[in-house]
Amino acid sequence: MNRDAAIGIIDSGVGGLTVARAVIDQLPNESIRYIGDTANGPYGPLPISDVRDHALRLLDELAEHGVKALVIACNTASAAMFRDAKERYSDRLGIPVIEVIQPAVRTAVQRTRSKRIGVIGTEGTIKSGAYQDSFVADPEIQVVTAACPRFVEFVEAGVTSGAELFEVANEYLQPLKDARIDTLVLGCTHYPMLSAAIQYVMGPTVTLVSSADATAFEVYQTLLTHDLLRTSTAVPTHSFETTGNDAARFEALAHRFLGLEVGHVEAFPTGTLHLPPLTTEE
Ligand code: DGL
């Protein structure tokens, strides 16, 4: 396996860019090749067998193009096909596969004090029972789940606050508040974009666990243990692709999910710093 090859990341669309962001932050020397399946997503409402077929097609594509590791940066796809992917790529081809559910579960188990943990996700993720099954190793843990399908719609429309969002959030999250959870897993790639609103509704004592950060750390650990961390000193390259034909929408949403990258930096010789005065917009 080529250490300097890119890490392949797939998602149903733009949501997995929250994972890509965390991977770039935690592994700044790695190249990334990302495919968002906007032609077939969102995966949340689809039958599990369809999600499996779509996601495997993307992973096949990346595996054929020589990536050194595969990241399923979508909770719904991880719930639908992680075992298939592990067999198909790790066992047969030796390409490590990382998904988003186990890393988040491990972090939640470490953070909880009361052992009452909430999980929110798409309908597909919650219905699959993948999170619920992952917590059974500790019988003392009580898991309360809620599907929050409209959260994806809000995030994609750029809505992260406001009366309508809070009304929906209060309705989705009330059963979790009633269960007095102390830790809440954001089991969907889009939800970190709503973490302020979710924290506000849940109250300051509830710890939010994002699968993005935990997954990026899992990617780091996996590359380290497989001796696959990139050694090249050349600037890493990041490529983002989308299925379907609306590249402009993907790009607009990508800015929001990935964060603005630094575009241009001006250098002032030492001692000559004279910033121009700030201008106010009309
Ligand atoms: N990426 C999906 C997930 O994490 C959310 C969007 C979708 O429904 O496809 O579950």
Side-chain angles (χ1 to χ4, degrees), residues 8-23 34-59 70-82 85 97-105 107-108 118-134 145-160 168-169 172 184-195 198 208-216 218-219 240-244 246 249-250 253-254 256-258:
I9 305 182
I10 64 133
D11 177 53
S12 56
V14 288
L17 292 170
T18 54
V19 177
R21 173 78 265 167
V23 170
Y34 179 98
I35 309 182
D37 195 10
T38 38
N40 298 304
Y43 287 171
L46 300 183
I48 284 181
S49 58
D50 289 1
V51 174
R52 180 183 171 282
D53 292 348
H54 294 318
L56 285 174
R57 200 173 45 79
L58 303 180
L59 293 173
L70 290 163
V71 181
I72 308 168
C74 171
N75 289 262
T76 314
S78 296
M81 44 74 77
F82 173 58
V97 182
I98 297 114
E99 52 83 56
V100 288
I101 293 178
Q102 294 304 323
V105 165
T107 309
V119 179
I120 54 176
T122 65
E123 266 173 307
T125 299
I126 299 301
K127 255 198 256 159
S128 75
Y131 271 101
Q132 296 88 322
D133 292 348
S134 300
T145 61
C148 305
R150 288 201 61 203
F151 279 177
V152 168
E153 172 192 320
F154 282 115
V155 170
E156 297 212 352
V159 178
T160 53
V168 171
Y172 285 152
L184 178 60
V185 177
L186 306 182
C188 171
T189 50
H190 285 56
Y191 299 175
M193 309 292 285
L194 296 177
S195 54
I198 293 169
L208 303 188
V209 172
S210 140
S211 40
D213 291 336
T215 303
E218 181 84 7
V219 174
F240 300 96
E241 291 150 61
T242 176
T243 58
D246 201 347
R249 181 164 187 272
F250 181 85
L253 284 168
R256 200 174 306 146
F257 277 79
L258 204 55

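Remember, it's 1-based here, ligands and their atoms both numbered in the order they're listed. Throughout, numbering of the chain's residues begins at 1 and tracks the sequence. Everything quoted here is computed from the prediction, not taken from an experiment.
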Exercise answer, ligand 1 polar atom pairs (N/O) under 3.5 angstrom:
unit_1   : atom_1 : unit_2 : atom_2 : d
ligand 1 : 1 (N)  : D11    : OD1    : 3.0
ligand 1 : 1 (N)  : S12    : OG     : 3.2
ligand 1 : 1 (N)  : T189   : OG1    : 2.9
ligand 1 : 4 (O)  : N75    : N      : 3.0
ligand 1 : 4 (O)  : N75    : ND2    : 3.3
ligand 1 : 4 (O)  : T189   : N      : 3.0
ligand 1 : 4 (O)  : T189   : OG1    : 3.2
ligand 1 : 8 (O)  : Y43    : N      : 3.4
ligand 1 : 8 (O)  : G44    : N      : 2.8
ligand 1 : 9 (O)  : S12    : OG     : 2.6
ligand 1 : 9 (O)  : Y43    : N      : 2.7
ligand 1 : 10 (O) : T76    : N      : 3.2
ligand 1 : 10 (O) : T76    : OG1    : 2.6

Side chain to side chain contact (heavy atoms under 4.5 Å, CB included) assessment of Y172 paired with R150: CA-CA 10 Å; Y172 285 152; R150 288 201 61 203; 3.2 Å; yes
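Qualifying salt bridge (charged side-chain N to carboxylate O under 4.0 Å, His left out) partners for R57, counting only residues two or more places apart in sequence or in other chains: D37. With sequence neighbours excluded, the residues forming a salt bridge (charged side-chain N to carboxylate O under 4.0 Å, His left out) with E241 are R33, listed by chain and number. Residues satisfying the side chain to side chain contact (heavy atoms under 4.5 Å, CB included) test with A80, not counting sequence neighbours, are I48, V51.
Looking at Y191, its side chain does come within 3.5 Å of a backbone N or O of C148 through a donor-acceptor pair.
In this structure, the side chains of T243 and L58 come closer than 4.5 Å at one or more pairs of heavy atoms.
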